[in-house]
Amino acid sequence: MKRTVIGGFIMLGGLFTTLTKIVVASIYIPSMTSWSGSQLWYAIFGGKQYGNEVVQSLFLGFPFVVGLLLSVLGLAILVMEYFDKSFF
């Protein structure tokens with residue numbers, strides 16, 4: 001039971017982190033004047049700077065990836081607890 005609660009909190013923390021970055025990037029998108037590729041992806045991760053060009057990005061790639069990893073880790077803990085043979 002204890003590992004289930006820990007896995008749930010880790011997964012919820014990761015989901016909260018990831019979804020917060022997506023919402024912040026979607027709010028920032030209307031103020032962007034140039035990008036390459038997907039606007040949402042560019043707002044979160046950014047791109048290369050060419051010469052004196054200003055890169056209009058939030059550069060939130062690292063916290064976004066950490067949130068994804070926490071979500072996957074928490075989900076893995078919950079799946080392992082679900083299929084644990086000690087309940088039978």
Between Ser57 (side chain) and Gly46 (backbone), is there a donor-acceptor pair under 3.5 Å?
yes

CZ of Phe59: more than 12 outside heavy atoms within 6.0 angstrom?
yes

Go through Ser34 and Gln56 one step at a time and tell me if the side-chain hydrogen bond (donor to acceptor under 3.5 Å, both in side chains) criterion holds.
CA-CA 7 Å; Ser34 65; Gln56 295 181 344; 4.6 Å; no

If I take atom CG from residue Leu40 and atom CE from residue Met32, how far apart are they, to the nearest 0.5 angstrom?
9.0 Å

The reported gap from CG in Leu19 to OG in Ser71 (rounded to nearest 0.5 angstrom) is 7.5 Å

Apply side chain to side chain contact (heavy atoms under 4.5 Å, CB included) to Leu58 and Val24, showing your working.
CA-CA 9 Å; Leu58 297 174; Val24 167; 3.6 Å; yes

Testing Leu75, Leu69, Ile77 one by one against Leu73 for a side-chain contact (heavy atoms from CB on, under 4.5 Å), which residue passes?
Ile77

Quick one: closest heavy-atom pair of Lys21 and Pro63, and the distance?
CE-CB, 3.5 Å

Counting C-beta onward and ignoring hydrogens, is there a side-chain heavy-atom pair between Ile29 and Tyr42 closer than 4.5 Å?
no

Can you find a heavy atom in the side chain of Phe45 that is under 4.5 Å from one in the side chain of Phe64?
yes

Donor-acceptor contact below 3.5 Å, side chain Glu81 vs main chain Arg3:
no

Mind checking the CZ-OG1 spacing from Phe16 to Thr18? Nearest 0.5 Å is all I need.
11.0 Å

Got Leu78 and Thr4 here, is their nearest side-chain heavy-atom distance under 4.5 Å?
yes

Look up atom OG1 in Thr17 and atom CG in Leu12, then write down how far apart they are to the nearest 0.5 Å.
10.5 Å

Rounded to the nearest 0.5 Å, what separation is found between the CG atom of Leu15 and the OG1 atom of Thr20?
10.0 Å

Same cluster for Leu70 and Ile22 if Ile/Leu/Val/Met/Phe/Trp/Tyr side chains link at under 4.5 Å?
no

In this structure, CG of Leu60 is separated from OH of Tyr28 (nearest 0.5 Å) by 10.0 Å

